[in-house]
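Notes follow once the structure below has been shown.
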Number of protein chains: 2
Amino acid sequence: MTSIDDVAREVGMSTATVSRALRGLPRVSQDTRDRVIEAARRLGYVPSPHAASLASGRTGTVAIVVPFVTRWFFAMVVDGAEQVLRAQGFDVLLYNLAGDVDTRHRVLQTHVLTKRVDAILVLGLSPTAAEVDWLTGQACPVVILGAEVPQWPSVRIDDGDVSRTAMGHLIGLGHRRIAYVGSLVDEGLDFATPRARRRAYREIVAEHGLDDDIALETDGHFTLDGGCEAGHALLDLPERPTAVFCASDEMAIGVLRASRERGVRVPEDWSVIGIDDHEMAPYFDLTTMRQPVSEQGAVAGRHILRCLGVATIEEPEHVVLRTELVVRGTTAEAARPPQPTRG
Amino acid sequence: MTSIDDVAREVGMSTATVSRALRGLPRVSQDTRDRVIEAARRLGYVPSPHAASLASGRTGTVAIVVPFVTRWFFAMVVDGAEQVLRAQGFDVLLYNLAGDVDTRHRVLQTHVLTKRVDAILVLGLSPTAAEVDWLTGQACPVVILGAEVPQWPSVRIDDGDVSRTAMGHLIGLGHRRIAYVGSLVDEGLDFATPRARRRAYREIVAEHGLDDDIALETDGHFTLDGGCEAGHALLDLPERPTAVFCASDEMAIGVLRASRERGVRVPEDWSVIGIDDHEMAPYFDLTTMRQPVSEQGAVAGRHILRCLGVATIEEPEHVVLRTELVVRGTTAEAARPPQPTRG
DNA sequence: CTGAAAGCGCTTACAG
DNA sequence: CTGAAAGCGCTTACAG
């Protein structure tokens, strides 16, 4: 491996000069710079990032902590953030928790990350107060996506608002018995989103005096198959709901499948609405709440750049992106309650 | 930041001893080890990975080069590989090309990666001979997924075989006019898979004397919307195919949508088959060729561990995983050619 | 079992 | 504009 010393020797200069020339720093004569660059190219010299990190204290690397890379939403967000970061020359270390609580603790509670990267982007998780204190003392900026912590820049949508609009759409169509498919148990990962959406659902049920039945709240685990199972469970209910509000499109698609498997027509027999506007949503003609996904990743990436002083970006510390109701074919007016057979 | 020297001072030992004690190396007395570990914990000491890399020459990091993280297949593969690697304590640097050719060159043709990581995992791309030579000389192991290069360990499925089985299924159902939806232009990324599948399609068309019409080969860009457009293009043909062989499930799902939009019934009016067994495939009742996805990532991860001497794993250098025809509802016997109106 | 010392390959004030 | 020197925080033979 050719080192900076080899290049310095080649051009008869000090390593300091070579270092400055190669990094484009000022106070190097054009002639020297040219010769250094040429020699570096000829020798096939590539700087060692680890040596540079050690000497400078900067790593040029950002960690992205993601609960599940395989979920469409997170993959899109990672993509959005990664491109913003890569464009400024940062590398991305991926910490995929894959739903594992131990990994979460290892990543968020030890300082491992803070010595390895310049900044940390946390997706979907809600750090505990202890974790926040811990990390805040580390001079390693943290940006959070999908939740809000006062101390750190964040980007998210308003989950309460989203739920209100979705539920409002169903209520406006005359539905009074609306089921919820979300996530009921947290499994220690501290997801912010499912909690917020479920709370909003409950509030709205109470505010509007809708059917308040604990059996209407089901767990779809934020997966396709989980949604399908939840759908079946709802169809097994003695008194079926006339609409289903799903906290993600993937679960909504699962509910659509359950409906088909049971011969239940959508939207004639019941309405289904999701959240995300997943790339598959139009393929199922699914009514949903659209949220900007890749864009949230990009905002998070810019937050990081700003914290690192790389770019002067004018953006509020806490960004809340807009969502939008997209009405397609899976929601319709509530069927009239069955009339007595003869008047 | 507390350093190894702080810990050494705390226990009144040399940094060498602290280093050995903390890394679990032999030739440290149990008592010393205990005291070192205790002191490290008390001081909140975390080793600097960059300093360790510089001194040892090992980085504890593996690069994963992926064409598109947002595509289901690649997200699953990254997940599979990442978990195997993480279990052995490796970090993962994600190089998401996001379809960008320049990034591909930067990553594969400069040595940037070879000084930064212990090994490289390349997904889906087919390195050029020059890139192979270049990287092979670097003593940085490379593992490849979805293609095969003699010099490097690899894992893939047999794309020719997959295409043969899929086409054989359609031919067995009496189809003689079969369209292909894949990727016709490469855009410089050098994808191995689309090329292999298309070649196989052509060979089979020739071998079986099927309708050989250049208009039957369409470009679906390996995306949902691309598949949908390709489907429309095929439906615009004066003489429609009776079956469509799609090189991915996502494109097949696009074709299903086009069919619905045009009132074309599947499988009555034409059959559709894909490749992958995407998580959404059962939700569309899509007939497809199943391939192990996460498992390919895991095998690739194990290849890397073996190259790095971390684990003694008995596995061939070139692993070819099995695929399987999954017959669902989108394929059926070819409709009889329309009979003259009266006999 | 433990320590002193060199070295990994850069960057960064500090001088000039 | 350029250089000498210290230092970043570890690991690794080499001794003992």
Side-chain angles (χ1 to χ4, degrees), chain A residues 1-37 39-40 43-61 89 91 111-118 139-140, chain B residues 1-37 39-40 43-61 89 91 111-118 139-140:
Chain A
M1 286 281 127
T2 109
S3 79
I4 197 173
D5 291 310
D6 300 319
V7 180
R9 205 171 304 122
E10 181 76 10
V11 294
M13 298 254 154
S14 71
T15 64
T17 299
V18 171
S19 173
R20 285 186 289 249
L22 255 22
R23 284 180 298 150
L25 297 189
R27 315 192 158 268
V28 177
S29 77
Q30 190 55 51
D31 175 59
T32 302
R33 194 186 300 278
D34 292 343
R35 284 173 49 223
V36 168
I37 291 175
L43 268 43
Y45 168 67
V46 174
S48 156
H50 300 292
S53 298
L54 195 55
S56 71
R58 280 169 267 107
T59 68
T61 305
D91 274 334
H111 301 241
V112 184
L113 278 187
T114 68
K115 282 210 181 176
R116 190 164 309 228
V117 300
D118 294 339
C140 175
Chain B
M1 287 281 125
T2 109
S3 77
I4 197 171
D5 291 311
D6 300 320
V7 180
R9 206 171 305 121
E10 181 75 11
V11 294
M13 298 253 153
S14 71
T15 63
T17 300
V18 171
S19 172
R20 285 186 288 248
L22 255 22
R23 285 180 297 148
L25 296 190
R27 312 193 160 270
V28 177
S29 76
Q30 191 54 51
D31 175 60
T32 301
R33 194 185 301 277
D34 291 343
R35 285 172 51 223
V36 167
I37 290 175
L43 268 40
Y45 167 67
V46 174
S48 157
H50 300 292
S53 299
L54 195 54
S56 71
R58 279 170 267 106
T59 67
T61 306
D91 275 334
H111 301 242
V112 183
L113 278 187
T114 67
K115 281 210 181 175
R116 190 163 310 227
V117 299
D118 294 338
C140 175

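Lettering of chains follows the sequences in order, A, B, ..., and the numbering in each one begins at 1.
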Straight-line distance of A/L43 CG to A/I4 CD1, nearest 0.5 Å: 12.0 Å
Qualifying residue, where the test is side-chain contact (heavy atoms from CB on, under 4.5 Å) with A/V7 and the options are A/T15, A/I37, A/V18: A/V18
Consecutive Watson-Crick or G-U pairs in runs of at least 3, all under 3.5 Å, in which DNA chain D is involved: C:1-3 with D:14-16, C:5-12 with D:5-12, C:14-16 with D:1-3
Taking only side-chain nitrogens and oxygens of [X], does any of them come within less than 4.0 Å of OP1 or OP2 of [N]?
X	N	answer
B/S3	D/dG9	no
A/S29	D/dC1	no
A/K115	D/dG9	no
A/T15	C/dG9	no

Heavy-atom pair with the smallest gap, counting every atom of B/V117 and B/C140: O-SG, 4.0 Å
Heavy-atom pair with the smallest gap, counting every atom of A/K115 and B/P47: CD-O, 3.9 Å
Whole angstrom value for the distance that separates [atom2] of [N] from [atom1] of [X]:
X	N	atom1	atom2	answer
A/R35	D/dC1	CZ	C1'	13 Å
A/D5	C/dG7	CG	C1'	12 Å
B/R9	C/dT2	CZ	P	19 Å

Just by distance, do the side chain of [X] and the backbone of [Y] share a donor-acceptor pair under 3.5 Å?
X	Y	value
B/R20	B/R33	no
B/R35	B/V11	yes
B/D34	B/D31	no

Sugar-phosphate, base or nothing in reach of A/M1, heavy atoms under 4.0 Å: nothing
Whichever of A/V46 and A/R20 has its nearest DNA chain C nucleotide further upstream toward 5': A/V46
Residue pair B/H50 / A/T59, side-chain heavy-atom distance below 4.5 Å: yes
DNA chain D-proximal residues of residues 48-58 of chain A, any heavy atom under 4.0 Å: A/L54, A/A55
